[in-house]
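Shown below is the structure under consideration.
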Number of protein chains: 2
Amino acid sequence: MSSAAARHQRLHAELRQRICLLDYPPGTKLSEEALAAEFGTSRTPLRRVLARLEDEGLVESRHGIGTLVTDVDMALMAQVYDLRLHLAALVGQLDPQPVTPARMAEIRAFVTRGEALLASPDPRVFAELNSAYHDFGLSLTGNAPLRETAARLYYLTARIWLTSIPRMDLASECAIFLGEMRETETALAAGDTAAAALIRRAHISMSVHRMPR
Amino acid sequence: MSSAAARHQRLHAELRQRICLLDYPPGTKLSEEALAAEFGTSRTPLRRVLARLEDEGLVESRHGIGTLVTDVDMALMAQVYDLRLHLAALVGQLDPQPVTPARMAEIRAFVTRGEALLASPDPRVFAELNSAYHDFGLSLTGNAPLRETAARLYYLTARIWLTSIPRMDLASECAIFLGEMRETETALAAGDTAAAALIRRAHISMSVHRMPR
DNA sequence: ACAGCCACAGTTGTGCACAACTGTCTAGCT
DNA sequence: AGCTAGACAGTTGTGCACAACTGTGGCTGT
């Protein structure tokens with residue numbers, strides 16, 4: 001990959017993570033000049049990144065005002081969740097990937113990280129692990145457009161959990177999360193990728209229902 | 001909407017249509033300078049449009065070479081079709097919209113246009129009608145992310161039909177298309193939005209199977 | 001005291017000049 | 001004749017200066 005495209009990917013992933021981990025809470029004004037200075041470029045390449053984030057619905061640029069992190073529209077997010085549920089199930093239907101030893105090692109590593117999280121619960125560590133685990137779940141399908149679409153929608157809803165957790169039971173959520181990973185490990189050990197996808201769908205659904213109103 | 005954002009939308013839709021109608025066949029080199037001159041702007045706003053088209057997978061910019069219209073990767077397109085089938089069915093499941101008199105007038109207008117197409121078949125007119133009809137089909141769901149996702153994927157595959165039609169029977173395709181619209185009119189007249197979505201899904205599937213190999 | 005207007009600081013949007021890069025063609029050497 | 005190196009034309013990428021726009025705060029007139 002060319003260095004320009006590589007830097008674009010890097011900055012995009014970095015800013016997206018900052019937004020989704022609430023380092024930049026909704027309403028934050030992102031200064032093009034400050035970010036350009038931080039990353040050692042001029043405004044031009046940085047604006048390319050912000051434009052992509054705007055297309056993805058994570059920020060909104062207003063002439064004369066600034067580039068603001070979008071706030072979480074719960075009516076829209078409910079629609080995104082509805083769609084994500086079906087896409088999660090599709091992971092097990094569209095070109096499900098065979099369970100390889102490498103993949104088993106991955107899921108076991110996730111279980112280990114989940115156990116560590118349960119031992120010392122932390123919202124940010126939870127969110128980071130959840131993001132990595134979601135990406136792992138998508139790797140179970142060989143359908144690239146499905147992966148990209150599901151990822152895009154995931155990042156739209158990723159902030160909701162972090163904003164809700166203060167009104168939820170963190171330790172309980174960690175235990176449930178670890179339980180999901182262990183169930184998935186069992187399904188994958190049986191070579192049943194579709195079952196793993198359905199477990200994911202079920203837990204997304206239950207997670208939504210547990211959220212405070 | 002601000003005039004800058006409005007122009008961005010306009011140019012994006014225009015270039016996307018040119019690509020999907022094969023005015024710019026795969027491999028065409030899009031000159032930033034020439035396009036900027038045509039639309040009466042400088043390269044800067046135009047590059048914003050090309051960047052979005054690149055994110056959507058319709059063009060590819062290469063430093064020192066040019067911005068090329070992507071060629072149609074059939075392996076990837078097969079995956080897109082798989083996903084589109086399921087999304088088409090979801091239109092009838094996620095927030096299906098009630099059938100209003102205005103919507104009935106719309107579908108009747110489409111049937112009329114379909115009859116005119118059958119009377120004098122033309123690939124380009126077919127493609128344009130198909131695009132408008134696809135957009136109408138998406139309006140049957142109130143789920144905005146589903147609409148955007150399905151539209152995005154549609155434009156990825158839109159070029160395939162136009163490249164295949166020389167090896168297919170145009171008159172037959174027009175008749176089948178008109179038949180689909182009439183079936184949909186019947187379903188909507190019965191107030192059955194979900195049935196209309198399933199008809200769409202069935203015809204997308206059959207269209208894929210009719211394509212020459 | 002209050003309302004309205006104006007100047008100003010701060011931000012994104014635009015245009016332009018130049019840097020970086022690629023493929024081609026030509027001149028020169030072997 | 002063939003091959004290599006270098007100049008060159010053409011394209012996208014970057015940086016910078018300025019235009020366009022917005023909100024605010026203060027000033028002025030009533």
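In what follows, chains carry the letters A, B, and so on, assigned in the order in which the sequence lines appear, proteins first and then strands, with residues in each chain numbered from 1. Please read all numbers here as calculations on a predicted model, not as lab measurements.
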Quiz prompt | CA sep, side-chain torsions, deciding dist, call: D55(B), R48(A), salt bridge (Lys or Arg N to Asp or Glu O under 4.0 Å) | solution = CA-CA 11 Å; D55(B) 289 339; R48(A) 169 81 173 81; 3.5 Å; yes
Self-check item: R124(A) bridged to E128(A) by N-O distance under 4.0 Å
Solution: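 A salt bridge links R124(A) with E128(A).
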Self-check item: Audit row: R103(A), S139(A), side chain to side chain donor-acceptor pair (under 3.5 Å) steps and yes/no
Solution: CA-CA 9 Å; R103(A) 212 176 296 274; S139(A) 75; 3.3 Å; yes
Quiz item: Reckon L68(A) touches a base, only the sugar-phosphate, or nothing at all at heavy-atom distances under 4.0 Å?
Solution: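 Contact class for L68(A): none.
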Quiz item: What nucleic acid atoms does R43(B) come within less than 4.0 Å of, heavy atoms only: base, sugar-phosphate, or nothing?
Solution: base
Exercise. Select base, sugar-phosphate, or nothing to describe what L30(A) touches, counting heavy atoms under 4.0 Å on all strands.
Key: sugar-phosphate
Quiz item: Taking 5' to 3' order, which nucleotide of DNA chain C is first and which is last to have an atom within less than 4.0 Å of a heavy atom in chain A?
Solution: dG10(C) to dT14(C)
Quiz prompt | Geometric class of the F110(B)/Y133(B) ring pair [parallel <30°, tilted 30-60°, perpendicular >60°] | solution =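 Aromatic pair Y133(B)/F110(B) classed perpendicular.
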Self-check item: Toward the 5' end of DNA chain C, by each residue's nearest nucleotide, T44(A) or I65(A)
Solution: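 In this pair, the answer is I65(A).
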Exercise. Mind checking side chain to side chain contact (heavy atoms under 4.5 Å, CB included) for I199(B) and listing every partner two or more places apart, or none if nothing turns up?
Key: E180(B), E183(B), T184(B), A187(B), H203(B)
Self-check item: Closest-nucleotide 5' rank along DNA chain D - winner of E32(B) and T41(A)
Solution: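 Residue closer to the 5' terminus by nearest nucleotide: E32(B).
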Quiz prompt | Check ion pair E60(A)-R62(A) (N to O, under 4.0 angstrom) | solution = yes
